[in-house]
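Small disclaimer: the values here were computed from a predicted structure and weren't measured. So you know, we letter chains A, B, ... as the sequences are listed, proteins then strands, and number each from 1.
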There are 2 protein chains.
Amino acid sequence: MFDRGFQRHGDEAGPVISAELLAVVVAMVDDEPCVLTLGEPQPRLPAGPLLPGHRSLQAATRLWVEEQTGRRLGYLEQLYTFADLDRDGGSTRTVSISYLGLTTPNAETGFGDWRRWYSLLPWEDVRSEPTLLTERIEPQLREWAGSEKSLAGERLQRCAVTFGLDDHPWQPDLVLQRYELLYESGLVPESPPAWRQPDADLVPGDPMVGDHRRALATGLARLRAKIGYRPVVFELMAPEFTLGQLQDCVEALAGRAVHTQNFRRLIEQQDLVEDTGKVESRTGGRPARLYRFRREVLQERQAAGTKLPTGRSR
Amino acid sequence: MFDRGFQRHGDEAGPVISAELLAVVVAMVDDEPCVLTLGEPQPRLPAGPLLPGHRSLQAATRLWVEEQTGRRLGYLEQLYTFADLDRDGGSTRTVSISYLGLTTPNAETGFGDWRRWYSLLPWEDVRSEPTLLTERIEPQLREWAGSEKSLAGERLQRCAVTFGLDDHPWQPDLVLQRYELLYESGLVPESPPAWRQPDADLVPGDPMVGDHRRALATGLARLRAKIGYRPVVFELMAPEFTLGQLQDCVEALAGRAVHTQNFRRLIEQQDLVEDTGKVESRTGGRPARLYRFRREVLQERQAAGTKLPTGRSR
DNA sequence: GCACTTATGCTCTGAGTTAGCATAAGTGCA
DNA sequence: TGCACTTATGCTAACTCAGAGCATAAGTGC
């Protein structure tokens with residue numbers, strides 16, 4: 001046991017620590033979910049230290065994102081707070097407080113790059129045949145699981161549950177668990193070299209600075225879970241949209257297809273949207289009605305928001 | 001706008017800040033949900049600064065709770081991170097990272113007080129007729145809402161949604177929103193004096209140090225939400241229990257009654273528990289079977305855990 | 001005019017919930 | 001001993017909702 005110093009509550013002035021705000025900012029660009037990143041070749045998330053003048057953690061996050069990318073955020077929610085020991089060897093320690101922000105990309109003024117989620121976490125996209133999963137990841141996970149006899153059963157079950165192997169269903173919101181499993185099994189570049197399998201064929205997907213890809217996974221997980229019970233998708237949509245566009249957005253976020261007719265029914269019966277009377281005819285087929293999000297629902301119900309179907313066929 | 005100093009990511013050594021861990025530790029004592037508190041007369045939650053030697057935020061929280069209360073925690077999950085400007089006027093700033101812990105109170109060795117949730121947040125208990133709500137809180141909220149003509153509609157709707165007035169349903173997990181509404185309307189002792197209504201009759205419930213009651217509300221909200229989709233109730237139960245005890249626990253947590261037969265069916269059909277073969281006959285009625293939580297389910301399914309009924313009649 | 005695409009309406013079916021009815025098996029007391 | 005009362009447990013009718021499929025509408029491109 002290390003020395004805890006036997007400090008008690010009261011002497012709140014602890015040792016020197018710095019707090020960093022980290023933003024996972026999401027928008028749909030060309031019908032693909034993207035994250036706002038900075039830097040080449042290793043992308044990183046917008047981030048900055050908490051300064052004495054900042055009014056609140058949330059305000060600080062907004063300011064840093066604005067300063068670094070020129071974009072003003074709308075929706076913003078706290079994700080998670082990390083404090084990794086390994087980050088800096090020195091005596092100061094960094095606590096990272098991560099946030100999830102949702103916007104529309106239309107502001108042409110900003111800088112920073114919109115990177116596609118699925119170029120960063122490719123295995124999360126199962127809208128088409130997930131050959132990446134079945135052909136490259138699954139065999140390697142099984143090998144990793146079996147490589148340690150005493151843990152094999154446990155590991156195998158964990159892989160099966162998180163990646164939907166064998167008879168387990170694919171669960172879209174286990175994004176973080178999947179990333180961590182890949183990390184632990186040495187299949188991503190961020191994994192500690194010691195954990196790497198001897199003949200490992202690293203899983204594709206661009207790594208990010210530090211543990212930013214983990215923060216991204218946390219954000220994606222939260223977003224996928226949340227679209228199921230709160231009307232947050234609309235934060236990513238233009239003011240007016242067709243139900244087809246909305247469905248495309250949900251499918252892109254969830255990384256999975258949904259049954260069109262059921263999707264429409266669910267959206268309509270919940271009074272989440274209202275008809276604008278206009279139609280959009282550039283659809284390539286029958287023109288679609290244009291709808292608008294009924295912002296009032298945010299006040300009307302604190303919960304029981306957007307229920308979204310989980311089925312898979314179109 | 002204040003001076004942001006135009007620091008960019010990279011110079012991570014921000015200004016002096018201290019990080020504090022705050023623990024909301026819950027256990028069932030005499031069939032009532034309780035929180036572990038310290039100090040008299042104003043109770044506070046166990047807390048302590050993050051020190052350089054701490055391995056992780058979670059480990060630090062465990063250590064502080066152990067040191068201050070002599071109790072070892074089992075289940076522990078992060079709740080939320082706050083940074084209130086008003087806390088200390090000086091140049092250092094405190095970031096509070098709160099955790100929710102679940103235990104059983106059996107260890108007689110510890111110190112600290114188990115305080116009943118509902119002595120701290122009495123309006124949250126609607127198992128019996130909620131006269132506190134209907135007779136004292138509701139009228140005052142309506143008055144507050146009406147006191148500002150231009151905001152009356154909005155405020156009234158907010159009150160109705162969060163407290164289940166008019167035709168809105170009571171939503172057990174809006175604990176935090178209810179506390180914040182009471183805070184903003186000047187009905188709790190913690191409210192800024194300026195917000196207090198001229199003839200306010202403060203709502204009963206023991207206040208705590210600083211914003212600890214807010215952290216408690218956050219914990220209760222999380223717990224209420226989580227028992228609905230993850231098997232966390234069992235962390236609060238003795239190793240063996242009857243379904244009646246389990247139901248009592250759930251009802252006490254949710255602050256609301258559930259339909260007994262449906263509850264039993266739900267628990268059983270999900271394979272969450274296994275029969276021990278023993279019976280408990282001190283029930284005052286027909287003896288009940290003793291069950292044990294099947295810990296394996298924690299591995300078997302990452303989600304789709306304990307579904308609990310939401311109905312209200314017994 | 002025809003093939004193709006997307007939009008939209010409607011229905012069948014099965015699963016899961018809510019709410020009761022009914023019975024079992026103890027305890028406490030007249 | 002028997003009755004009132006309590007808690008435990010089994011079972012089912014009514015209802016709600018999600019999943020899946022059938023069918024039609026109304027555009028575009030050739």
Gap between atoms [atom1] and [atom2], on [X] and [N] respectively (whole Å):
| X | N | atom1 | atom2 | value |
| --- | --- | --- | --- | --- |
| B:Gln270 | C:dA15 | CD | P | 17 Å |
| B:Tyr229 | C:dG16 | OH | P | 21 Å |
| A:Phe263 | D:dA18 | CZ | C1' | 15 Å |
| B:Leu290 | C:dG26 | CG | P | 14 Å |
| B:Leu266 | C:dT18 | CG | C1' | 11 Å |
| A:Ile267 | D:dA18 | CD1 | P | 11 Å |
| B:Glu280 | D:dT6 | CD | C1' | 15 Å |

Salt bridge (Lys or Arg N to Asp or Glu O under 4.0 Å) involving [X] - partner list, sequence neighbours excluded:
| X | answer |
| --- | --- |
| A:Asp206 | none |
| A:Asp271 | none |
| A:Arg222 | A:Glu77 |
| A:Glu274 | A:Arg292 |

B:Thr260 has its side chain closest, among C:dT8, D:dT9, C:dG26, to D:dT9
Testing C:dT17, D:dT9, C:dA19 for proximity to the side chain of B:His259, the answer is C:dA19
Using a cutoff of under 3.5 Å, can you pull out all pairs of nitrogen or oxygen atoms linking the protein to nucleotides 10-16 of chain D, with atom names and distances?
from   : atom 1 : to       : atom 2 : distance (Å)
D:dG10 : O6     : B:Gln261 : NE2    : 3.4

When rounded to the nearest 0.5 Å, the distance separating CZ of A:Phe241 from OG1 of A:Thr276 is 9.5 Å
Residues at least two apart in sequence or cross-chain that pass side chain to side chain donor-acceptor pair (under 3.5 Å) with B:Arg178, listed by chain then number, are B:Glu124
Run the side chain to side chain contact (heavy atoms under 4.5 Å, CB included) test against [X] and tell me which residues pass, sequence neighbours left out.
| X | result |
| --- | --- |
| B:Arg116 | B:Glu32, B:Cys34, B:Ser119 |
| B:Glu135 | B:Thr131 |
| B:Arg142 | B:Glu138, B:Leu156, B:Leu165, B:Asp166 |

Applying the Watson-Crick and G-U criteria (both distances under 3.5 angstrom) with [ ] for crossing and | for other-strand pairs, one obtains for DNA chain D ||||||||||||||||||||||||||||||
Give every pair of a protein N or O atom and an N or O atom of nucleotides 2-5 of chain D that lie under 3.5 Å apart, one pair per line with the distance.
none

Those residues at least two apart in sequence (or on a different chain) that pass ring-ring contact (aromatic ring centres under 6.0 Å, His included) with B:Tyr118 are none
### Flag side-chain contact, heavy atom, 4.5 Å: A:Thr242 against A:Leu290
yes
